[in-house]
Amino acid sequence: MILTYKCPGCAGAMAFNEATGKMECPFCGRAETVETMQQIYLEEEAKAEAAAAGQPESVHIETVDLGMDTMDSASAAVDSAAAAVSIEHTDDRQQGEEEQIKLRSYTCSSCGGEILTDDVTAATFCSYCGNPTLIAEQLTGQRRPARLIPFAIQKDKAIEGFRAWTHKGILTPNTFRSKTNLEKTVGLYVPFWLYDYGVLVNYQADGQIITHEIRGDYRLTHTDHYDVHRKIHAEYDMVPADASKAMDDNMMDCLEPFNYTAMKAFEMPYLSGFYAEKNSYTDEEMAPRVKSRVADFGEQHARGTIKGYANVITKGKDIRMSLKKTEYVLLPVWVINYEYKGKHYTFAMNGQTGKMVGVLPVSKAKAGIMFGSIMAVLTGILTMIGGVF
Ligand SMILES: [Zn+2]
Ligand SMILES: [Zn+2]
């Protein structure tokens, strides 16, 4: 089932406003809280259910298997879904696998147009009338996120940020900076798992203290060795791992930190006016990735307590971890995709803090004029990370 939150005043499609934290109608300006809109929706649903009791299911869902060759034309036909679909190309895990994308078809509740999505899309827009549309079955039951961080940075601020940032790359092609390209920025709620781990670290090292002494013509060096042992118990809460197939893992790590105190209990209206994806991986599937991060935290934590030695050389370590809790959440990310000379680039901005990450494409023509090709390659591979806010 798909749904659009309709304005109680004029029946226009309401969308979440990042600045006010409320649902707003773009037609008559009416604003309501997320809770009120969810309440209205539940009441309407109950009414509809009562009225439709015994009626056949009217929603039409079909699943089509398409090879990658036909995918491009399919996504081109669904212009508004193209942004969400095209970032599929960046994932390492997909390479080499047989790429099959299941398309689903829904009927827009406002204009009756056909809405095509892939099988992870949870929030999108109707490509005919542009109304924000939620795919309810991707967000309910087992698939219901526990919490989310709402977008705090508005789209025009995100675009401004991307534009300012591209000026740091003097070799960035002009077409990337163009208004039409920057307007393709989309707000995406990315599925994440948050893990709470308890960690016990047993760490042994050789701590060295070095002293020098001059005796006549000789310079003597004494090295004292100390057996250093640290036993540390630490708790690491809410360590994130993105559970999206489309988003690059390292890129998502670079967007951290998020401020989790701004987390809200999940309600569907928050997603209205954004794209959203459901998780492609379970918490168990993502756990190995998080465990190695947590092990590093634990080891660094233990080493960080050893002070006053010239050298600290690891002799042994034993790291034990126990998983205490996982939580399924959605985190806000502004995304812009860019094709340049057959290569695909993705830029992302933390939708809460404005921190940006991505690799700027390099225009070879510009580079030739300005620096010569070696310099261009070096500049091109520099990953620029930095916020503008
Ligand atoms: Zn209205
Ligand atoms: Zn429509």
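Keep in mind that what you see is a predicted model, and the values were worked out from it rather than measured. Throughout, numbering of the chain's residues begins at 1 and tracks the sequence. For ligands, and for the atoms within them, numbers begin at 1 and follow the listed sequence.
An angle of 110° is found at the Zn ion (ligand 2) between C111 atom SG and C108 atom SG, rounded to 10°. Between SG of C126 and SG of C129, the angle at the Zn ion (ligand 2) works out to 110°, rounded to 10 degrees. With the Zn ion (ligand 1) as the vertex, atom SG of C10 and atom SG of C7 span an angle of 110° (nearest 10 degrees). Angle SG(C25) to the Zn ion (ligand 1) to SG(C28), rounded to 10°: 110°.
Salt bridge status for E327 with R147: present, with a side-chain N to carboxylate O gap under 4.0 Å.
Checking R230 against T305 by side-chain atom types alone, a donor-acceptor pair falls below 3.5 Å.
In this structure, Y189 and F151 have perpendicular ring planes: the angle between them is above 60°, well past the 30° mark.
For F297 and Y236, the ring centers are positioned less than 6.0 Å apart.
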